[in-house]
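Structure record follows, encoded as structure tokens.
The shown structure was predicted, so the numbers you read here are calculated from the model rather than taken from an experiment. Start at 1 and go down the list; that is how both ligands and their atoms are numbered.
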Amino acid sequence: MSKRVRVRFAPSPTGGLHLGGVRTVLYNYLFAKKYGGDFLVRIEDTDQNRYVPGAEEYIFDTLKWCGLEPSESVQHGGAYGPYRQSERKESYRQYAEQLVKDGHAYYAFDTLEELEKMRQDFKTEQNPSPQYDHSIRMKMRNSLTLSADDTKRLLDEGVKHVIRIKISENETVSFTDMIRGEVSFDTSTVDDKVLLKADGMPTYHLAVVVDDYLMKISHAFRGEEWLPSAPVHILLWKYLFGLENMPHWAHFPLILGPNGKLSKRDGAKYGFPVFAMNWTDPKTGELTEGFKEKGFLPEAFINLLALLGWNDGTEQEIFTKEQLVEKFSMERVHSAGAKFDYEKAKWFNHEWIKRFEVSGLRLEVDELLEKNGLTISNKDYLDKVIWLVKDRCILLTDFVQQSSFFFKAPEALDIDAVKPKWNETKQLFFAELIRNYELSASWDAHTLENNFKEIAAVNDLKPGELMLPFRIMLVGGKFGPGVFDIAELLGKDETIRRIQKALTIL
Ligand code: GLU
């Protein structure tokens, strides 16, 4: 690669960052790291109507949580700032004016009423929502239809106006997409997009091209939803900076939910997260749960996102970030939509929890337990608990249920699971077990199990039938790791106390 690799994630701060957005970040990040390049974040906030307070901080918090931090941004600084488009406002007008001078754009003075009238007047059955394009522009009030003098007078008088790109009719615009190959568009279907708005702010189309140029972006990667805008961007590149300077493009496949494009509503409907982290809509106060709070590890989250649209050509599914950097290639990103499967997402998380060292989980689990009213003072004990239960936890939040009983005797016992088959013999068995355990010199799972089985054999009982009651006594329900491992960790006093208490209820 001859040019220095510089890629960007260019979000508009309009709300929570969903799966697709984080995947765009990830692929940009991996590509930059692979080629020793730069990854920057540019905040595209030119549409002030869609600006949502808090969304920008949320984006950076998310990238931090995912471990995908840029080297340049509003928060990280850099030589190509400002990295917030609203702060670059002044730099865009000259490019729009240049386009007008070169005949590729024009001033349009149409009022909202005139635009609405145009939509009504030119509406036909085949064309129910006419656009401001080559077929209409000569019927409107703009610098193409007005005389040069009239245009100058209106501009001098400060009459509200926009600058629109002049898209030619019947031109084919083509470019090579790194994922899709050659992509072509017929310009006849493209409208004369506004480049500079009446308030002097650029639209996204102008700003994205100007900033990619000024920030020396070598590769512009984004979601497939931007593909229809590509012809406008290619033409702007051609008119402003020459096609040879244009970045290489790639448009990532859509992420599909159960009903087509994955939406926030799908998440609510099917009970899975769509946003990376909790997002509270500041207008409605509505909270949308994120992957983080649901109990996903960031390592698992980026791993599953990487595989939503890419694979390395083998069966391997678990990748660390470093492995992804090494293996990732744009050529292996598919163009077809990638289906998001929540069960599979959980599988990734489970695999990652299993692979994690206890020390890597300690902080998180400690916090979770604390949030659930359990303050853990003995950290060695906590480590042992984590080690014992972690393979059973699919989500981090599962640690609460899987380990609470180690710190606090269960409040309610699932008596119904035991009661129907409970009898005097079993009662006597447990009374004897208490005596035996009280006298036992060693307290390890192996000894406890042997003693348990011996007493069962002497009383002609099947240990299998006694195991469930024993588990219910210690845990409260039908879950958890091996019951003798639990007893070992709980210790002699606590184990005996729990058996005794249960016997009074049964
Ligand atoms: N501002 C656009 C967005 O919100 C960025 C599209 C692009 O990367 O060109 O996704």
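Shortest contact from atom 9 (O) of ligand 1 to any protein heavy atom: Y204 OH, 2.7 Å. From the protein, the heavy atom lying nearest to atom 2 (C) of ligand 1 is A10 O, 3.2 Å. The nearest heavy-atom contact from the protein to atom 4 (O) of ligand 1 is S12 OG, 3.1 Å.
By the 6.0 Å and 45° rule, K321 does not stack over the aromatic ring of F319. With Y213 as the aromatic partner, K216 does not meet the cation-pi criteria of under 6.0 angstrom to the ring centre and within 45 degrees of the ring axis.
Set against the non-hydrogen atoms of V208, the atoms of ligand 1 under 4.0 Å away are 9 (O). Taking every heavy atom of E44 and a limit of under 4.0 angstrom, the matching atoms of ligand 1 come to 1 (N), 2 (C), 5 (C). Atoms of ligand 1 found under 4.0 Å from any heavy atom of R8 (numbered from 1 in listed order, with element): 7 (C), 8 (O), 9 (O).
Judged as a side chain to side chain contact (heavy atoms under 4.5 Å, CB included), and not counting sequence neighbours, the contacts of V162 are A108, R164, V194, A198.
Between P11 and ligand 1, not a single N/O pair is under 3.5 Å apart.
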| request: Step by step, work out the ring-ring contact (aromatic ring centres under 6.0 Å, His included) result for H219 and Y35. | output: CA-CA 12 Å; H219 297 77; Y35 293 104; 7.5 Å; no
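One finds no salt bridge joining R332 and D312 here, because no Lys/Arg side-chain nitrogen approaches an Asp/Glu carboxylate oxygen to under 4.0 Å.
Ring to ring, W310 and F328 are close: their centroids are under 6.0 angstrom apart.
Only the side chain of W226 comes within 4.0 Å of ligand 1, counting heavy atoms alone; its backbone N, CA, C and O stay farther away.
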